[in-house]
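Shown next, in structure tokens, is the structure this report addresses.
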Amino acid sequence: MEVSPAFPTAPRIGIVAIGRNEGERLVRCLHSLEGSGAAAVVYVDSASTDGSPARARELGAQVVDLDMALPFTAARARNAGFAALPADCDLVQFIDGDCELAPEWLAAATAFLAAHPDVAVVCGRRRERAPEASVYNRLCDLEWDTPIGEAGACGGDSLMRAEVVRAAGGFRDDLTAGEEPELCARLRADGWRVWRIDAAMTLHDAAMLRFGQWWWRAVRGGFGYAQAGEATRALPHPLYRAERRRALLWAGALPLAGAVLALLVHPALLLLPLLLLALQVARVARRDRHGAMAWPNAFYTMLAKFPELQGMLRYARRRRAAGSAITYK
């Protein structure tokens, strides 16, 4: 790692937004970037059918359309947007197309990076736009409530040093999920630091109103655990080991053990995994600091182990069939 030199008086910031069929969420995202003082705003579209590219152009963004011949990944979109920025940008703000940038974020994040030359990535507070719309939106809002201070990784919204991203080769195009933690793991292995500051960063619109949306999001998360875990297994801080172990234990080994005991000893033992899961939900809820959401959060935290395991198994099957790293479809 080489410590970054001091910024110019006014560092040039490029913004990369990515999305697919975001509709009005993209319009709100791009409106939130107006007045940011960015040197360039690039929107990368992944084959939207709702007119998103045209809307983005109308709002003044430079639009990059991803090649439909290759698999779409957020990592690939972020890289394409970064490549389209002016080469003299000092910083790059990545943002998802379903998010709005907080007005004071860039000033706060830039000041932090200027004062901490060993920090490559800074992120802040992401909140849900409508947490009251569903329990699933509320769960997302709690998910974003992570500790302030040095962090292991960032999410899809963050401000990064452009030369550091460039030197690292950007994001791994083949990763379906977890591309930001994977990049952060490589940067940390090279001596850089990642930091979360106590400042409003983005407003996210999950629009997750149905159980099926929540379940499929958790399946994709499990797929990402397996894929990003494999990608970082040789690094000093490999990703998602604990998450994979928990999914294997609670959604795999425990139900299997209950089924075997029920077959060999007594059918009533089939209820043993449910009892242990209920006890774990209670344990998680007691440690939760989110008041009235403690029990729902604990329940869905444990229930998520099952779709996460589904995603992990999906990756394992496709990995064996392909014989090499594969992407999610």
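On a predicted model such as this, the values are computed, not experimentally measured, just so you know.
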Okay, side chain of Arg196, backbone of Gly152: is any donor-acceptor separation there less than 3.5 Å? no

Answer yes when Arg76 and Asp174 have at least one side-chain N-carboxylate O distance shorter than 4.0 Å, and no when they do not. no

For the residue pair Tyr225 and Tyr240, categorise the inter-ring angle as parallel (less than 30°), tilted (30 to 60°) or perpendicular (more than 60°). tilted

Verify, without hydrogens or angle tests, whether Arg220 (side chain) and Ala177 (backbone) share a donor-acceptor contact under 3.5 angstrom. no

I'd like to know if Arg217 and Glu143 make a salt bridge, using a cut-off of under 4.0 Å between side-chain N and carboxylate O. yes

Give a yes or no on whether a salt bridge exists between Arg78 and Asp96, defined as a side-chain N under 4.0 angstrom from a carboxylate O. yes

With no hydrogens and no angle check, is any side-chain donor or acceptor of Glu180 less than 3.5 Å from a backbone partner on Cys154? no

Would you mind checking if Asp141 and Arg127 are paired as a salt bridge, meaning a charged N to carboxylate O distance below 4.0 Å? yes

Please answer whether the main-chain N or O of Asp118 pairs with a side-chain N or O of His116 as donor and acceptor at a distance below 3.5 Å. no

Please work out which of the three classes, parallel, tilted or perpendicular, describes the rings of Tyr315 and Phe223, given edges at 30° and 60°. perpendicular

Checking Arg125 side chain against Thr146 main chain: does a donor-acceptor pair fall under 3.5 Å? yes

How are the rings of His204 and Trp144 set to each other: parallel, tilted or perpendicular (split at 30° and 60°)? perpendicular

Return yes if some donor-acceptor pair links the side-chain N/O of Asp190 with the main-chain N/O of Trp192 below 3.5 Å, else return no. no

Can you tell me how far the CD1 atom of Ile13 sits from the CG atom of Leu33, to the nearest 0.5 Å? 11.5 Å

Arg193 and Glu150 ion-paired at < 4.0 Å: yes

Above 12 or not: heavy atoms from other molecules or residues under 6.0 Å from CZ of Arg55? no

Atom CZ of Arg287: over 12 foreign heavy atoms under 6.0 Å: yes

Geometric class of the Tyr300/Phe211 ring pair [parallel <30°, tilted 30-60°, perpendicular >60°]: tilted

